[in-house]
Amino acid sequence: MTITVPFRQLFIDGEWREPVRKNRLPIINPATEEIIGSIPSATSEDVDLAVDAARKALSRNRGKDWSSAPGAHRAKYLRAIATKIRERKSEMAELESMDCGKPLEEALWDIDDVAACFDYYADLAEGLDTKKKTPVSVPMEEFKCHVVMEPIGIVGLITPWNYPLLMSTWKVAPALAAGCAAILKPSEVASITCLELAAVCREVGLPPGILNVLTGLGHEAGAPLASHPDVNKVAFTGSNMTGSKIMAAASKLAKPVTLELGGKSPIVVFEDVDLDKAVEWTIFGCFWTNGQICSATSRLILHESIATEFLDRIVKWTKNIKISDPMEEGCRLGPVVNASQYEKIKKFIATAKSEGATILCGGTRPKNLKKGYFLEPTIITNVSTSMQIWREEVFGPVLCVKTFRNEDEAIELANDTEYGLGAAVISKNLERCDRITKAINSGIVWVNCSQPCFVQAPWGGNKRSGFGRELGHWGLENYMTVKQVTEYVSNEPWGWYKPPSKL
Ligand code: NAD
């Protein structure tokens, strides 16, 4: 461990506050299995305090008027946050890496993306000032109509552990740009950097109550946030099981939700590829971020004519991946996030074996790493479409393989999933890539690559991967509502009712 984890409290109303019930949760470094600090554990009482703070922050009598101020006002804060995050980049990245086991070089990349996301939404906040009223043409000349976009109000943001700060930023930055007040509930599994984001917001003087950060358990802090009557919208990224609970809670109050859920994304590799390039995108698509990515292309659908050669190469590339403490230079695969994920992934592999699949490589702890939740990247063949490994999200470094003979079969296999987040197609034939892109039911398709993600482009899934899109202008619109304003402009009375006759 190179740096010390700061001791933080909950961030409510611009201040650090001890949780009402005074509970804390340990933070365990997944590379060493050591306790490296603790986070405050919020409960419904703290949620109430945070919602009160958000409500006050949006009220005019506080004199700050966050929501109706020009977007340029909010942009100043977003830019200041981006600058401070860049200043603290290496420290933030180390904390992220120690918290969730992500290789440091990836965490550094994440922190750059975090800062870029705040800057991007600062631009979009400024853009709101230039399009205050959008005219709507209506067929009656007595009326003039326009629409305005308004912030939705108080938003509850519930996020996962695989990109603790980045997934939170994808919600916090557009919510603040839109003029909302936010309550962020990061995952109890990894929250350190979200508390550091709170520290940054305090440093730059973000008005109190505009961002509140409540760390804690899902059922104790997340559930009361999702069902709070004064929270106007919930944006969630996480598992399908939790997503359903959040949607059920929100439905009681007709509260809008966006859900970014799980995936079991395919990568289709045709026979005309450059083998090494295709192998690299395949392993990047599945083993990047220790395989713990919602969009991981974890089902390889491989043309049977190149299967032997491709699998031979991919095993060699996979065995060459540097597995080590995530802080070590050159690390490309760290530990999975915690003991329960570790056990869950090993069970997936054991079940695949018991169902008759073949473990081509990996599947066990690397011999040189005695501590930590390390698992060799795993490739599984002889998979049938009824097997658990083909159907369910593993959320770990596990790739399963099936071969195909023709395009129709490839499409059928690619779409053979309840999920629809990402998909990749690798082929030199761009017309074929286009056909596959159209035929796959998913929110994202990568052509001749897998996983690149840009703040300008929409992110989100179809089918059971959720609904709504984050990032780009779609991300901002998630936190806005459309108001129609219609004006009667005629000098004549409307004339539907007769005036009473004069007495
Ligand atoms: P999770 O559902 O266990 O937890 C996510 C968040 O929900 C956490 O903050 C947790 O505390 C909270 N939570 C848990 N129970 C709750 C409840 N009853 N009410 C309210 N909040 C509750 O998910 P996870 O294990 O943190 O993340 C992994 C999952 O996230 C995977 O399925 C992955 O595919 C998905 N994910 C999706 C995307 C995407 O963009 N679609 C991105 C990252 C992760």
Side-chain angles (χ1 to χ4, degrees), residues 25 39 41-44 47 99-100 102 110 113 156-171 183-191 194 213-228 231 234-252 255 257-265 286 288-298 336-338 340-342 344-345 348 392-396 417-423 442-444 451 453 457-471 474-475 478:
L25 301 165
I39 50 166
S41 181
T43 53
S44 62
V47 171
D99 205 7
C100 68
K102 186 184 285 265
D110 285 5
D113 285 352
L157 314 176
I158 303 178
T159 55
W161 47 260
N162 62 335
Y163 286 82
L165 187 57
L166 189 59
M167 288 297 107
S168 299
T169 298
W170 283 14
K171 299 183 186 341
I183 297 144
L184 170 65
K185 210 305 276 171
S187 167
E188 62 274 28
V189 178
S191 311
C194 291
V213 182
L214 302 181
T215 51
L217 299 170
H219 64 283
E220 288 189 353
L225 179 60
S227 60
H228 198 293
V231 171
V234 181
F236 172 74
T237 300
S239 64
N240 282 62
M241 203 204 285
T242 310
S244 298
K245 286 186 192 162
I246 285 177
M247 206 171 153
S251 73
K252 296 202 175 99
K255 193 185 291 213
V257 291
T258 44
L259 299 179
E260 299 282 0
L261 307 175
K264 190 77 189 177
S265 301
C286 191
W288 160 252
T289 306
N290 305 339
Q292 301 167 135
I293 326 180
C294 49
S295 57
T297 38
S298 57
V336 301
V337 75
N338 61 16
S340 80
Q341 280 299 115
Y342 191 54
K344 198 173 126 192
I345 300 166
F348 263 105
E392 293 180 25
E393 181 183 48
V394 177
F395 222 57
T417 168
E418 300 179 311
Y419 295 106
L421 183 54
S442 65
I444 304 157
Q451 305 304 315
C453 171
W459 182 275
N462 299 347
K463 301 200 278 182
R464 289 201 64 212
S465 293
F467 49 80
R469 294 290 180 267
E470 298 200 291
L471 300 182
W474 302 269
N478 275 334

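Atoms within a ligand are numbered from 1 in the order they appear, just like the ligands themselves. Just so you know, these numbers use all the heavy atoms, side chains as well, and skip hydrogens, waters and symmetry mates.
- Looking at Lys245 against ligand 1, only its side chain comes within 4.0 Å, counting heavy atoms.
- For the pair Pro186/Thr215, a side-chain contact is recorded, criterion being any heavy-atom separation below 4.5 Å from C-beta on.
- By the criterion of a heavy-atom distance under 4.0 Å, neither the backbone nor the side chain of Glu470 is placed next to ligand 1.
- Polar contact check, Glu188 against ligand 1: a nitrogen or oxygen pair lies under 3.5 Å apart.
- The closest side-chain heavy-atom distance from Phe236 to Met247 is not below 4.5 Å.
- Only the backbone of Pro186 comes within contact range of ligand 1, with a heavy atom under 4.0 Å; no side-chain atom does.
- Annotation: Asn240 places no N or O atom under 3.5 Å from an N or O atom of ligand 1; distance criterion only.
- For a threshold of 3.5 Å applied to N or O pairs, the pair formed by Ile246 and ligand 1 contains no separation below that value.
- With a 4.0 Å cut-off on non-hydrogen atoms, Asn162 touches ligand 1 through its side chain and not its backbone.
- Side-chain N or O atoms of Asn162 include one that pairs as donor or acceptor with a backbone N or O of Gln292 at under 3.5 Å.
- Between Lys463 and Glu418 there is no salt bridge, since no side-chain N of the basic residue sits under 4.0 Å from a carboxylate O of the acidic one.
- At a 4.0 Å cut-off, at least one heavy atom of Trp459 sits close enough to ligand 1 to count as contact.
- The shortest N/O to N/O separation between Trp161 and ligand 1 falls below 3.5 Å.
- For Lys102 and Tyr163, the positive end sits near the middle of the six-membered ring, less than 6.0 Å away and at most 45° from its axis.
- Close N/O approach between Gly238 and ligand 1 is found [any backbone or side-chain N/O within under 3.5 Å].
- Heavy atoms of Gly466 stay at 4.0 angstrom or farther from ligand 1.
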